[in-house]
J.: 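Sharing a structure below in structure tokens format, with a few things to ask.
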Amino acid sequence: MTTDKKSLREALESLLTDQLLSVQERLGEVTIVISASDMLPVLTMLRDAEDMRFSQMTDLCGMDYSAYADGAWEGRRFAAVYQLLSIVHNRRLRVRIFAEEDDFPVLASVTPIWPGANWFEREAFDLFGIIFTGHPDLRRILTDYGFVGNPFRKDFPLSGHVEMRYDPEQQRVVYQPVTVEPREVTPRIIREQTYASN
Amino acid sequence: MPEIKNYTMNFGPQHPAAHGVLRLVLELDGEVIQRADPHIGLLHRATEKLAEHKTFLQSVPYMDRLDYVSMLCNEHAYVQAIEKLAGIEVPLRAQYIRTMFDEITRILNHLMWLGAHGLDIGAMTVFLYTFREREDLMDAYEAVSGARMHAAYYRPGGVYRDLPETMPQYEASKIHNAAAVKKMNENRQGSLLDFLEDFTRRFPTYVDEYETLLTDNRIWKQRTVGIGIVTPERALALGMTGPMLRGSGIEWDLRKKQPYAAYDKMDFDIPVGVNGDSYDRYLVRVEEMRQSNRIIKQCITWLRANPGPVMTTNHKYAPPARESMKQNMEELIHHFKLFTEGMHVPEGEAYAAVEHPKGEFGIYLVSDGGNKPYRLKIRAPGFAHLAALDEMARGHMIADVVTIIGTQDIVFGEIDR
């Protein structure tokens with residue numbers, strides 16, 4: 001496996017000379033970062049090139065880095081992380097693409113390359129508000145009909161903004177602002193690297 | 001002559017064949033599907049967001065509730081992601097226990113699928129048969145974890161505890177007198193492994209029974225052969241995994257290709273289909289149950305012969321034994337920190353995938369070094385499969401949509417998350 005991964009990294013570096021923003025290999029997984037402007041040609045190459053053959057896009061994950069390491073993150077806020085799988089070579093690759101603008105994140109849709117990306121992109125659009133240009137049917141998918149906001153963004157509260165109840169007077173279900181108090185049982189803590197090391 | 005228009009029909013979300021809360025908007029030309037638009041999210045619980053606000057250990061039970069018919073496989077991917085990121089060594093015995101319970105889970109899932117799929121397309125009896133066997137496997141879950149379904153048995157670093165030496169017994173009641181209870185308890189006199197061994201001896205006969213009912217059944221074949229055909233190329237492009245991919249003839253199984261736990265030491269075969277239709281996927285899943293049975297047998301033999309620890313001794317991630325916790329100050333501190341603040345997983349990202357009964361179930365975990373995940377993405381196999389429903393259903397009759405939903409093995413816990 002190790003020799004395989006080495007060759008994947010080398011193959012990536014020789015195939016994508018200029019387009020590669022960074023390559024990282026950790027825990028036996030290769031992660032590359034490419035820019036949003038030339039993502040479609042690069043991803044097509046990753047699917048079709050002989051020593052790549054990433055014929056399947058296993059997963060697409062929206063990311064919001066705004067609260068990373070308690071705000072120590074420098075760089076773009078939104079990204080999409082693609083997990084690619086090559087059945088021919090039996091290896092995986094992770095591709096991270098940052099959206100250029102933080103206020104209006106836009107990426108190109110990869111549905112022409114992998115049709116299976118359709119719902120995954122709808123999910124990232126729904127939960128993070130990332131727009132995928134060229135998507136055939138970019139609608140909300142997981143949240144309620146008429147939902148407002150992007151719930152998986154870090155600035156969206158866990159309890160949400162509205163709650164639903166049955167109103168006996170109007171004899172229908174109504175929405176109202178949430179009445180639950182935000183509650184945190186265990187605070188989020190990041191310890192320094194050397195904490196309690198023995 | 002009046003103009004003939006397409007007819008739009010709503011299917012679900014409260015429909016027994018929708019396998020949960022699927023709302024399907026069907027555009028019909030007569031009885032033929034022109035377009036199927038699944039509306040999902042009615043069971044969305046934001047598991048991923050909740051996990052960002054819980055410590056790593058507190059999210060383990062959430063994993064059970066994703067695909068609620070194959071509970072331990074979900075947990076397996078989650079604990080694997082943590083173990084990968086933190087570099088935890090899992091004891092070999094725990095690996096074997098996980099392998100065994102993964103396969104028990106696979107049988108549980110496939111039995112549920114077979115029963116429900118049969119029920120959907122008119123074969124009533126199979127359901128009663130499969131639930132009879134599920135009961136035994138649920139008892140195995142209960143013996144080991146205390147819960148019949150939502151076990152929370154796998155933990156980062158191993159499994160919660162070793163396999164029990166005794167099985168719970170039935171007790172006499174108004175319905176079962178002492179003599180009947182004695183007979184029911186016959187195979188529960190020994191340990192859990194004895195009970196499971198007895199099950200693996202009986203199980204192939206049970207699978208033969210299901211096959212007698214279905215495999216050559218004319219009605220079954222009429223309902224499944226040639227329905228929902230997926231070519232291997234399309235299956236790959238659409239992100240299909242597991243039996244859906246193997247049914248189309250691609251021999252891809254993570255247990256063989258990217259082995260985890262103790263699968264590299266197991267001897268088993270991967271069944272593949274030829275035509276990629278619902279009938280082939282049925283055959284693949286039935287054969288998978290037989291292969292799972294084989295794996296369970298091998299695990300039982302190994303587990304009998306090799307006692308040992310089932311949890312890592314790295315107390316930054318796994319709690320110390322209660323006895324030592326009460327006698328040793330260091331262990332007490334570990335215990336206290338672990339259950340108040342939780343474990344700290346080193347900064348980084350990891351993707352861990354397991355061959356879930358439904359396909360590739362992956363956990364993409366991003367940690368910024370805190371005691372809670374920064375982001376947890378659940379890659380549910382059913383999500384990709386249901387996305388392909390439109391393509392699979394086009395040109396088929398309404399009744400075939402039920403077959404296609406069934407053959408995809410849809411469970412909403414994992415799709416909606």
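Heavy-atom basis, side chains included; hydrogens, waters and symmetry copies ignored. Letters A, B, ... are given to chains in the order of the sequence lines, protein chains preceding strands, and every chain is numbered from 1.
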J.: In the structure I gave you, are the side-chain heavy atoms of A/Arg188 and B/Asp368 within less than 4.5 Å of one another anywhere?
T.: yes
J.: Does any backbone or side-chain atom of B/Pro381 lie under 4.5 Å from a heavy atom of chain A? Answer side chain, backbone, both or neither.
T.: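 Nothing of B/Pro381, per the 4.5 Å heavy-atom cut-off to chain A.
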J.: Is a salt bridge present between B/Lys54 and A/Glu184, judged by a nitrogen-to-oxygen distance below 4.0 Å?
T.: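 Answer for the salt bridge query: no.
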J.: Could you measure the distance from the CD atom of B/Glu251 to the CD1 atom of A/Ile87? Nearest 0.5 Å is fine.
T.: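 Taking CD in B/Glu251 and CD1 in A/Ile87, the distance rounds to 11.0 Å.
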J.: Looking at every heavy atom in both B/Leu238 and A/Pro115, which two are closest together, and how far apart are they?
T.: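 Heavy-atom minimum between the residues: CD2-CB, 4.1 Å.
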J.: Would you mind checking which part of B/Ala46 comes under 4.5 Å of any heavy atom in chain A, side chain (CB onward), backbone (N, CA, C, O), both or neither?
T.: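 Answer is both: backbone and side chain atoms of B/Ala46 are under 4.5 Å from chain A.
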J.: Are there more than 12 heavy atoms of other residues, nucleotides or ligands under 6.0 Å from atom CD of B/Gln14?
T.: no
J.: Residues of residues 79-90 of chain B under 4.5 Å from chain A (heavy atom pairs)?
T.: B/Lys84, B/Leu85
J.: Under 4.5 Å, heavy atom to heavy atom: which of residues 410-417 of chain B reach chain A? Give them by number, or say none.
T.: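 Hits under 4.5 Å: B/Ile415, B/Asp416, B/Arg417.
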J.: Can you tell me how far OH of B/Tyr374 sits from OH of A/Tyr65, rounded to the nearest 0.5 angstrom?
T.: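 Rounded to the nearest 0.5 Å, the OH-OH separation comes to 8.0 Å.
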J.: Is a side-chain N or O of A/Gln56 found less than 3.5 angstrom from the main chain of B/Met240, in a donor-acceptor match?
T.: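 Judged by distance alone, yes, a pair lies under 3.5 Å.
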J.: Need one label for A/Ala67: side chain, backbone, both or neither, based on atoms under 4.5 Å from any heavy atom in chain B.
T.: both
J.: Any idea which of B/Ala350, B/Pro346, B/Ala384 has the most non-hydrogen atom pairs under 4.5 angstrom with chain A?
T.: B/Ala350
J.: Looking at A/Asn118, A/Thr31, A/Val81, A/Asp144, which makes the most heavy-atom pairs under 4.5 Å with chain B?
T.: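 Winner by heavy-atom pair count: A/Val81.
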J.: Give the member of A/Ile190, A/Val185, A/Leu142 that has the highest number of heavy-atom pairs under 4.5 Å with chain B.
T.: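 Looking at each of A/Ile190, A/Val185, A/Leu142 in turn, A/Leu142 comes out on top.
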J.: Should the pair B/Glu349-A/Arg26 be classified as a salt bridge under the 4.0 Å nitrogen-to-oxygen rule?
T.: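 Answer for the salt bridge query: no.
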J.: Keeping A/Arg191 on the side-chain end and B/His344 on the backbone end, is there a donor-acceptor pair under 3.5 Å?
T.: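 No, A/Arg191 side chain to B/His344 backbone: no donor-acceptor pair under 3.5 Å.
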J.: Relative to chain A, which segment of B/Glu391 carries a heavy atom at a distance below 4.5 Å: side chain, backbone, both, or neither?
T.: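 For B/Glu391, no heavy atom lies under 4.5 Å from chain A.
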J.: So do B/Leu236 and A/Trp114 actually touch side chain to side chain, heavy atoms under 4.5 Å?
T.: no
J.: Answer with side chain, backbone, both or neither: which region of B/Asp390 has an atom nearer than 4.5 Å to a non-hydrogen atom of chain A?
T.: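 No part of B/Asp390 comes within 4.5 Å of chain A.
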J.: With chain A, which of B/Leu42, B/Thr55, B/Asn371, B/Ile333 has the greatest number of heavy-atom pairs at distances under 4.5 Å?
T.: B/Asn371
J.: B/Gly369, B/Ala353, B/Ala237: which one forms the most heavy-atom pairs within less than 4.5 Å of chain A?
T.: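 Among the listed options, the one with the most contacts to chain A is B/Ala237.
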J.: State the CG-CH2 distance between B/Leu386 and A/Trp119, to the nearest 0.5 angstrom.
T.: 4.0 Å
J.: Please state whether the side chain, the backbone, both or neither of A/Leu60 comes within less than 4.5 Å of a heavy atom of chain B.
T.: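 The backbone, not the side chain.
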J.: Give, as side chain, backbone, both or neither, the part of B/Leu376 having an atom under 4.5 angstrom from any heavy atom of chain A.
T.: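 For B/Leu376, there is no contact with chain A at all, as no heavy atom is under 4.5 Å.
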J.: Once you round to the nearest 0.5 Å, how far does NZ of A/Lys154 lie from NZ of B/Lys49?
T.: 6.5 Å
J.: For A/Phe156, is it the side chain, the backbone, both or neither that has a heavy atom under 4.5 Å from a heavy atom of chain B?
T.: both
J.: Quick one: pull up OG1 in A/Thr186 and CD in B/Gln58 and give me the separation to the nearest 0.5 Å.
T.: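 Between atom OG1 of A/Thr186 and atom CD of B/Gln58 there are 5.0 Å.
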J.: Top residue by heavy-atom pair count (under 4.5 Å) with chain B, among A/Gln24, A/Met63, A/Glu123, A/Arg47?
T.: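 Top option by heavy-atom pairs under 4.5 Å: A/Glu123.
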J.: Among B/Glu52, B/Glu233, B/Lys337, which has the most heavy-atom pairs under 4.5 Å with chain A?
T.: B/Glu52
J.: Please determine whether the number of non-hydrogen atoms from other residues, nucleotides or ligands lying under 6.0 Å from atom CZ of A/Arg183 exceeds 12.
T.: no
J.: Verify side-chain contact (heavy atoms from CB on, under 4.5 Å) between A/Asp126 and B/His44, making sure each step is shown before the conclusion.
T.: CA-CA 12 Å; A/Asp126 187 1; B/His44 181 54; over 6 Å; no
J.: Give a yes or no on this: more than 12 heavy atoms of other residues, nucleotides or ligands lie within 6.0 Å of atom CZ of A/Phe104.
T.: no
J.: Less than 4.0 angstrom from a charged side-chain N to a carboxylate O is my criterion; do B/Glu360 and A/Arg92 meet it?
T.: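 Answer for the salt bridge query: yes.
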J.: For the pair A/Glu29 (side chain) and B/Tyr351 (backbone), establish whether a donor and an acceptor sit closer than 3.5 Å, ignoring hydrogens and angles.
T.: yes
J.: Going through the distances and angles, do A/Tyr68 and B/Arg375 end up as a side-chain contact (heavy atoms from CB on, under 4.5 Å)?
T.: CA-CA 10 Å; A/Tyr68 194 83; B/Arg375 170 94 167 102; over 6 Å; no
J.: Under 4.5 Å from any heavy atom of chain B, what part of A/Arg140 do you find: side chain, backbone, both or neither?
T.: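 For A/Arg140, no heavy atom lies under 4.5 Å from chain B.
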J.: How far does CZ of B/Arg379 sit from SG of A/Cys61, to the nearest 0.5 angstrom?
T.: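 Nearest 0.5 Å value for the CZ-SG distance: 12.5 Å.
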